[in-house]
Structure formats: structure tokens, C-alpha cells
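Single-structure report; data block below.
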Amino acid sequence: MFSSGPWGQAIRALRYNRSAMIALAVLLALALLCALAPIYARHIAKTDPFTSNVAGTVLVNGQETDIMQPNDNPLHLGLSPIGPTWHPQSFLLGADSQGRDVAARLLYGGRNSLIIAFGAATLCILMASCIGIAAGFFGGITDAVLSRLMDIMWAVPVYLFAISLSIVTITQGLKIGPFTIASDNLMIPVFIIALVYVPYAARPVRGRVMTLRSAEFVIAARSLGVPRRRILVKDILPNVLPTLVVLAPLLTALSLLAESSLSFLSIGVQAPAASWGTIIQDGEGLIYTRPMVAVAPGLMIVITVLALNILGDGLRDALDVRETSRRSG
Amino acid sequence: MNTPLLDARNLKKTYSLSGGRKLRALDDVSIQVMPGEVLGLVGESGCGKSTLGRSLLRLTDINSGSIAFDGQDITRLSERAMRPLRTGMQMVFQDSYASLNPRRRIGDLIAEPLLVHRRPDGARRSAAEIRERLTELMELVSLPASALSRYPHEFSGGQRQRINIARALALSPRLVVADEPVSALDVSVQAQIVNLFSDLRERLGLTYVFIAHDLAVVRQISTRVTVMYLGAVVELGETDQVMHAPAHPYTAALLASVPRPVTGRQPLPLLKGDVPSPVSPPPGCRFHTRCPVVQERCSKERPELRPLEGGRLVACHFPLAAAE
């Protein structure tokens with residue numbers, strides 16, 4: 001079914017890696033669940049995920065119940081949103097402090113979180129491979145300049161860098177030439193997160209290219225009189241690709257964590273839009289009375305990051321073509 | 001006397017190491033390769049054989065010296081200017097796997113030189129022409145044509161070396177530098193590949209620089225032998241001469257280290273100790289620290305490469321008696 005080539009071999013190896021396949025299935029299921037939320041969420045969730053519903057009521061076990069209920073502390077001061085009912089039609093995971101269905105927000109928030117994470121990882125890998133390949137292949141001054149630039153970025157703590165960039169762009173939006181990206185556009189966190197992780201991805205790419213540049217098959221290509229550009233395209237790029245494929249899930253996991261952190265600090269996804277990070281923030285004040293509001297998105301993040309890391313490990317093992325072929329003789 | 005196909009003079013190559021130390025990989029090496037001959041290049045690991053091989057084809061830059069291919073000085077040609085000349089000179093590497101891009105099919109790998117170089121008449125090769133040449137090449141190295149659509153990892157070391165040879169011969173070069181092409185192979189396969197090299201030379205009129213550390217292999221294929229020690233040539237002569245009556249004690253010691261079914265004469269004692277570091281080679285004759293017939297002069301004065309009777313060259317103050 002698959003070719004006998006290195007990619008076919010890798011796919012076959014991955015298919016026999018049970019934990020990686022489970023991780024992949026979990027990720028696909030999560031992505032599908034979140035991506036399709038606008039289609040089905042209104043059938044299982046009680047309210048629109050974005051409008052508040054403080055005065056509403058809901059039917060629980062045949063009883064009309066207030067969404068905002070008196071606190072069960074001794075003085076009955078203040079109101080708490082309804083807790084998890086475990087019924088899909090009536091606040092499966094409870095409501096947040098504005099009476100919105102947490103389950104519905106989890107799905108819509110997941111959409112944003114995953115879009116930003118995948119988007120940022122893709123953009124980051126694109127930028128990092130340009131920089132890493134240029135630095136590794138051309139060497140000399142190009143390498144020196146690019147590598148020092150990466151070192152400077154590397155020296156700034158990732159989150160500090162992201163927070164500074166976010167604060168600027170959240171207040172002003174982002175102007176690139178004639179285009180202005182509004183401050184509530186998802187592209188802003190995508191761009192910021194991609195940028196701060198560029199050194200993280202560019203370094204291994206550069207290392208791989210430098211190894212390949214002195215690989216015997218590249219020297220063989222030179223001895224055959226193959227032009228440099230053709231060596232880059234035919235011999236170096238295809239052999240860098242596995243490195244990028246292995247980096248992708250790990251960067252996605254990092255991006256997801258960065259997005260959640262920024263959103264938690266109110267400088268990522270902007271209200272009324274949600275992400276797993278903003279929902280955790282919503283749940284922060286309810287952590288003692290309604291822990292599910294913060295725990296549910298937290299769990300989603302943990303599951304996604306874990307699955308991405310397991311998939312990354314599986315890809316790394318599967319793509320080590322050289323080693324597998326050496327073992328078999 | 002005709003002009004040498006490859007004429008390398010006074011090649012020097014130093015690698016800079018950390019701490020300002022210098023490794024002299026090639027220290028004033030000169031060799032001439034005549035058309036049609038097989039020049040064997042022997043020596044222990046780290047003596048500069050591979051550096052020399054790569055320098056000859058301008059794959060490694062040398063510090064000083066000159067290289068001429070077929071009368072044309074190529075010492076200072078740029079990578080781009082070298083490209084058309086590469087049709088005439090090719091290389092086969094030691095590691096048959098590392099020298100093939102693992103992500104390309106054999107057919108693509110062997111077709112590569114045919115795609116990037118135009119025909120001698122200046123036209124590009126057509127797809128049909130390339131396909132025909134590939135079939136021809138596979139026949140030449142005794143591989144089935146079905147191998148063309150497969151990947152390097154699907155072959156054994158010997159088969160992969162045949163693929164490397166086919167690729168090197170694709171452009172019908174005049175000179176092939178083979179850098180230890182058989183030392184990574186099983187002994188039975190070694191013989192096959194060496195025979196293939198001999199065969200191809202006769203059929204295609206090739207000229208080889210054949211690098212090896214195995215004297216038996218070099219004896220079998222070479223017409224002349226160059227023995228290197230610590231980045232310098234110590235003996236150079238006709239294969240029979242050098243192999244049967246070595247003039248340099250190092251050559252003699254190398255020969256003595258080969259198990260032989262019949263001993264012609266009392267072999268010298270085997271070498272003791274390791275090769276000294278090329279970073280700080282011993283003064284005088286570089287071999288004097290291990291030489292069984294060392295004398296006082298050897299540690300002070302460096303012997304020049306000088307001719308002995310029979311046209312061979314030896315770098316030794318006290319060459320062994322050439323005749324029995």
C-alpha cells in the first residue's frame with residue numbers, strides 16, 4: 001500500500017506505534033469536535049456561548065432552576081452559577097459567572113486555541129526553516145548574522161517577549177504597510193507566538209542543514225558537478241523535512257500553552273471570543289465554588305499537549321530512516 | 001613520454017584545530033597519474049590519503065600547491081568553473097550508503113549527472129536518451145534494471161557500491177578517484193568490486209587513483225603504488241617493485257603486517273606503537289620513532305624523496321637493499 005521509500009517506511013513504522021496512533025486519534029477527534037462546534041453545539045448546549053444569561057432558568061431533573069443560584073456559604077451572600085448537571089441539554093459542565101454554558105464555550109474556545117496553535121506552529125516553522133536553511137547552507141557571514149539575531153531573541157524569555165509584543169498590539173492593532181490588523185484578530189496571537197518560537201525551531205534546522213552540507217552524498221553531488229541550488233533542492237531540503245515534521249507537533253504544543261497563557265492574562269484572544277485560556281481566567285474567581293469552569297479547559301489543554309508530545313515522539317522514532325535501514329543490514 | 005592526466009605538485013593542506021594547533025594533513029605531496037594507469041595509494045588511517053583524494057578533485061581546498069587535469073591548471077578554478085570539467089573526473093566514496101541520498105530512487109541518483117550536464121555537443125539529454133544510458137550503466141555494473149526504481153536502503157553494501165560506480169561512470173569520465181571503495185565491504189564482496197573496477201578499466205580505458213589501506217587490494221589492481229605516512233609520500237614505484245622489494249622500512253613493515261602464505265624473505269619485525277599525531281609530527285624523518293633500522297641522522301634531518309634505480313622514489317636516508 002505504501003511505497004518502499006523512506007516516507008512509506010516511516011508511515012508504516014508510525015502505524016505500528018500504538019501510543020502515537022492513539023494520540024493522533026485523540027487529536028483528530030478533538031480538532032473535529034471543536035471545528036464543527038458551530039454546526040452542532042446549539043443542539044447540546046443550553047445557551048449561545050457568547051451572550052450572558054444571568055437571569056435565565058433551566059430545567060434540571062424536571063425542576064425549573066435558576067442559572068445564578070444563591071451561594072451555599074452560611075450567609076448566602078452573592079450568587080454562584082449553576083454547577084455541572086451532566087445533562088447535555090442543561091449546562092453539562094455548568095455555567096460561568098455570566099451564565100454562559102461552559103461546555104459550549106469549551107468547544108468554541110477550543111476552535112480558537114487550536115487554530116492559533118496550529119497557525120502559529122506552521123508560521124513559526126516556515127520562518128524558522130527559511131532562517132535555519134539560509135544560515136546552515138550559506139554559512140559564513142549569513143550564518144553569523146542570523147545566528148546572533150537568533151541568540152538575541154533567545155536571550156529574551158519567551159513569555160516576557162510574547163507579553164511585551166501582545167500588550168503593544170492589543171492596544172494599537174498591528175500595522176504592516178497599508179494593512180492594519182485589528183487588535184481582536186486571531187492573526188495577532190498567531191504572529192506573536194510564531195515569532196517568539198522562531199529561534200527554538202531555527203536552531204535544530206540550521207544544525208541539520210550544516211550536517212547535511214558536509215554529508216558524503218552532498219560531497220558526491222558536488223563531485224558530479226551538480227549546481228548548488230539543485231543540491232539544496234534535491235539533496236538538502238528533502239532531508240530537512242523530517243526534522244520539520246518532528247518539530248511540528250512539539251511547536252504546536254508549545255504554541256497552545258503560550259496562547260493559553262496570553263489569553264489567561266487577557267492579552268491573547270479578546271472577549272467576547274473565547275479560548276481555553278480565557279475560560280480558565282473566567283473560572284479563576286469561581287475556583288472554590290465551581291472548579292469545573294477552570295478545570296475543564298485545563299484538562300483539554302493537558303490532553304492536547306500530551307497527545308501532541310506523544311505524537312511527536314512517535315514521529316521522531318518513525319522518521320529515523322537511517323537507523324532502521326542500518327539495523328536491517 | 002606523454003603528459004600526465006593528473007599532475008599534482010607540492011600539495012599542502014593544514015586543518016586548524018582549537019587552540020591554534022595545526023594538523024598537517026598533506027605536507028608537500030606531489031603525484032602524477034598517467035593516462036590508463038592505476039595509481040594505488042596506501043597508508044594507515046589518518047595519513048592523508050582521503051584528503052589527497054578529495055583535493056585532487058577540488059572537493060577540499062588546498063593551502064598551496066598546484067593541480068593540473070589533462071594539462072589544464074585547475075588549482076584556482078571556482079566551483080562553478082570546475083563544473084564542466086567534472087564530466088572528466090569522478091569519485092567513488094568509501095561509505096556506499098552515506099554517499100547516496102537515502103530519499104531518492106537509484107534511477108534519479110544515477111540520472112543526476114546526466115541531467116545537470118549537457119551532452120558534449122551542447123544539447124540537453126532527452127528523457128529517452130537518459131533512460132537508455134541508465135539501462136546501459138546498470139548492465140555495466142551487473143545490476144538488474146529493476147533496481148532503478150528502488151531506494152538505497154534496499155541494497156547490500158556491495159550492490160550500493162555498484163550503484164556508486166554506475167553513477168560515477170554515467171558521464172564517461174577519464175579519471176576515477178576511488179576512496180577506499182572496498183574497505184567497508186565483506187571480503188568476498190571486496191574481490192567482486194575490485195574485479196569490477198579492473199574490468200571497467202579495460203573496457204572503458206579508465207584511469208584510477210585507487211586509495212586503500214589494504215595492500216592486497218592495491219597489489220591486485222594497481223600498476224604503480226604510492227605509500228603515504230603522516231601526510232607525506234615515503235615511497236612511490238611500480239607495484240611489483242614496491243611490493244616485492246620495498247625500499248622504505250615503512251613499506252616493508254606494512255608488507256610484513258600482511259599475513260602471507262609464502263614468505264619470500266625474512267620479514268622485518270612488525271611496527272610497534274601508534275602513528276604519531278600529525279598535529280606534532282616528529283622532527284627529521286617522520287617515521288624514525290617507529291623505524292626498525294633507525295639511525296642517528298634520521299631524527300635530525302628530513303629525508304627528501306629521491307630516485308633509486310628502477311625509477312622509483314624513496315624518502316629514506318638508508319633505503320633497504322632493493323635486490324635480494
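The sequence lines fix the lettering, A, B, ..., with proteins before strands; numbering per chain opens at 1. Predicted model only: the values in this text are computed from it and were never measured.
Side-chain contact check for A:Val233 versus A:Arg230: every heavy-atom pair is 4.5 Å or farther apart.
Residues passing the ring-ring contact (aromatic ring centres under 6.0 Å, His included) test with B:Phe93: none are found, sequence neighbours excluded.
Within a 6.0 Å radius of CZ in B:Arg124, no more than 12 heavy atoms belonging to other residues, nucleotides or ligands are found. Within 6.0 Å of atom CG in B:Leu17, more than 12 heavy atoms from other residues, nucleotides or ligands are found, so the atom counts as buried in its surroundings. No more than 12 heavy atoms of other residues, nucleotides or ligands lie within 6.0 Å of OH in A:Tyr200, so this atom counts as exposed by the packing criterion. In the displayed structure, B:Glu132 atom CD is contacted under 6.0 Å by at most 12 heavy atoms of other residues, nucleotides or ligands.
Taken to the nearest 0.5 Å, the CD atom of B:Glu154 stands 10.5 Å off from the CZ atom of B:Arg160. The distance from atom OG1 of B:Thr75 to atom CZ of B:Arg58, rounded to the nearest 0.5 Å, is 7.5 Å. Atom CD1 of B:Ile110 sits about 6.0 Å away from atom CG of B:Leu148, to the nearest 0.5 Å.
Against chain B, no residue from residues 120-138 of chain A qualifies, as none has a non-hydrogen atom under 4.5 angstrom away. Among residues 143-158 of chain A, no residue has any heavy atom closer than 4.5 Å to a heavy atom of chain B. When the heavy atoms of residues 179-191 of chain B are compared with those of chain A, none of the residues falls under 4.5 Å.
Here B:Glu112 pairs with B:Arg104 in a salt bridge; the nearest charged N to carboxylate O distance falls below 4.0 Å. The existence of a salt bridge linking B:Glu79 and A:Arg222 is confirmed by a sub-4.0 Å separation between a basic side-chain nitrogen and an acidic carboxylate oxygen.
The two residues A:Asn17 and A:Gly314 make their nearest non-hydrogen contact at ND2-CA, 3.4 Å.
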